[in-house]
Number of protein chains: 2
Amino acid sequence: MRFTSQEEYGLRCVLQMAKRDGEGPMKIADLAELESLTPAYVAKLMRVLRKGGIVVSVRGQSGGYRLARPPALMSVADVLMVLDHRLYEPAYCQEYTGISPSCVHMSDCSIRALWRRLEASLWHVLDKATLADLVGRERETIVQLGAPLHAARVS
Amino acid sequence: MRFTSQEEYGLRCVLQMAKRDGEGPMKIADLAELESLTPAYVAKLMRVLRKGGIVVSVRGQSGGYRLARPPALMSVADVLMVLDHRLYEPAYCQEYTGISPSCVHMSDCSIRALWRRLEASLWHVLDKATLADLVGRERETIVQLGAPLHAARVS
DNA sequence: ACGATTCTTGACTAAACAGTATACTTAAAC
DNA sequence: GTTTAAGTATACTGTTTAGTCAAGAATCGT
């Protein structure tokens with residue numbers, strides 16, 4: 001079970017933008033510098049994020065990228081969904097069919113129920129976490145329902 | 001966020017073995033037939049599972065594979081851990097460092113806390129689900145703590 | 001208008017994962 | 001002891017993901 005590089009680095013860039021939301025567009029070169037990535041790679045990530053409606057671009061001098069919505073109104077789930085996809089999604093069973101045209105467990109699949117539970121469990125966490133929560137700026141914008149992320153400890 | 005093929009198909013094979021636990025070793029050819037995979041690929045999966053202590057092999061005529069422990073004592077978490085690894089693990093931050101030798105967020109990482117929460121949430125589900133739960137044979141062996149998996153519905 | 005700055009696109013290379021092929025080893029059955 | 005049905009090991013090929021490169025298009029400042 002793994003995150004893709006695109007998810008990890010894409011989210012990091014989005015977080016940098018959330019941290020500076022309202023301070024004008026951020027340039028590819030600045031994001032690359034802050035995250036220690038190459039500008040070319042950041043450009044590629046931004047393309048994905050732009051097409052997914054997470055960021056909007058401003059061209060020309062003093063251009064760059066900014067978030068499409070305020071950080072408090074954008075969840076980590078929204079961002080990750082654009083950068084890759086769900087762990088278990090409807091098309092999943094059409095992808096893992098071995099050498100048959102369709103999965104041999106169509107009628108009775110014991111794994112499917114488990115994957116669905118996992119999926120629900122994941123999204124329960126990711127939907128609630130806003131970008132504002134993660135960068136600790138939630139107070140500046142809209143107050144979120146429930147406890148803020150950084151107040152919850154894992155172990 | 002995704003499962004690797006190895007996790008999906010490896011777990012399926014393990015489940016087939018759990019379903020027939022106690023009926024003698026299962027042959028690669030039979031597993032391949034049941035799961036609609038090539039024998040060569042099943043052999044590769046079995047190597048990983050054997051080295052990870054999930055299955056044991058019996059060589060020679062009338063040989064095959066059987067589970068290293070009874071299905072009620074083996075969790076899905078145990079199996080997935082061998083087939084790939086955790087979503088977020090200690091080495092994670094050493095892997096995503098961009099073009100620097102180490103991650104630029106060492107001292108203050110807002111994503112790390114979220115990944116840890118996710119990880120805990122996932123493992124909460126996976127640790128509790130035994131192979132016996134999944135194949136509906138839990139009554140034949142040892143009664144598990146908590147509600148059996150198939151009694152819980154997601155949506 | 002012009003040029004500097006910045007994003008945009010598509011094609012390309014490299015690395016990782018998925019799956020295959022083949023030759024070899026072990027041990028039961030007779 | 002020979003045969004035969006199994007697993008074991010390594011190397012190979014194909015496909016997807018990661019990351020790079022270079023030429024182009026839009027916008028701002030002067």
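Numbered from 1 within each chain, the chains take letters A, B, ... in sequence-line order. Worth saying up front: this structure is predicted, and the values here are computed from it rather than measured.
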What residues, two or more places apart in sequence or in another chain, satisfy side-chain contact (heavy atoms from CB on, under 4.5 Å) together with [X]?
X: A/Gln16; value: A/Lys19, A/Arg20, A/Leu31, A/Leu34, A/Glu35, B/His105
X: A/His124; value: A/Lys128
X: A/Ala68; value: A/Val56, A/Met74
X: B/Ala29; value: none

I need a per-nucleotide contact map over nucleotides 12-18 of chain D, read 5' to 3'. Cutoff is protein heavy atoms under 4.0 Å; write B for the base, S for backbone only, - otherwise. -----SS
Counting primed atoms, P, OP1 and OP2 as sugar-phosphate and everything else as base, the B/S/- map of nucleotides 21-30 of chain D against protein heavy atoms under 4.0 Å is B---BSBBS-
Which atom pairs, donor and acceptor, lie under 3.5 Å between side-chain atoms of residues 95-104 of chain A and protein residues at least two apart or in another chain?
| unit_1 | atom_1 | unit_2 | atom_2 | d |
| --- | --- | --- | --- | --- |
| A/Tyr96 | OH | B/Phe3 | O | 3.4 |
| A/Thr97 | OG1 | A/Ser100 | O | 2.9 |
| A/Ser100 | OG | B/Ser36 | OG | 2.4 |

Please list, by residue number, the residues of residues 49-57 of chain B whose heavy atoms come closer than 4.0 Å to an atom of DNA chain D; answer none if no residue qualifies. B/Arg50, B/Ser57
Earliest and latest nucleotide of DNA chain C, 5' to 3', sitting under 4.0 Å from a non-hydrogen atom of chain B? C/dA18 to C/dA29
Can you name the salt bridge (charged side-chain N to carboxylate O under 4.0 Å, His left out) partners of B/Asp78, sequence neighbours left out? B/Arg69
So, with a heavy-atom separation below 4.0 Å from DNA chain C, the residues of residues 26-38 of chain B are B/Thr38
Keeping to residues at least two apart or across chains, list the side-chain hydrogen bond (donor to acceptor under 3.5 Å, both in side chains) pairs with something in residues 50-68 of chain B. none
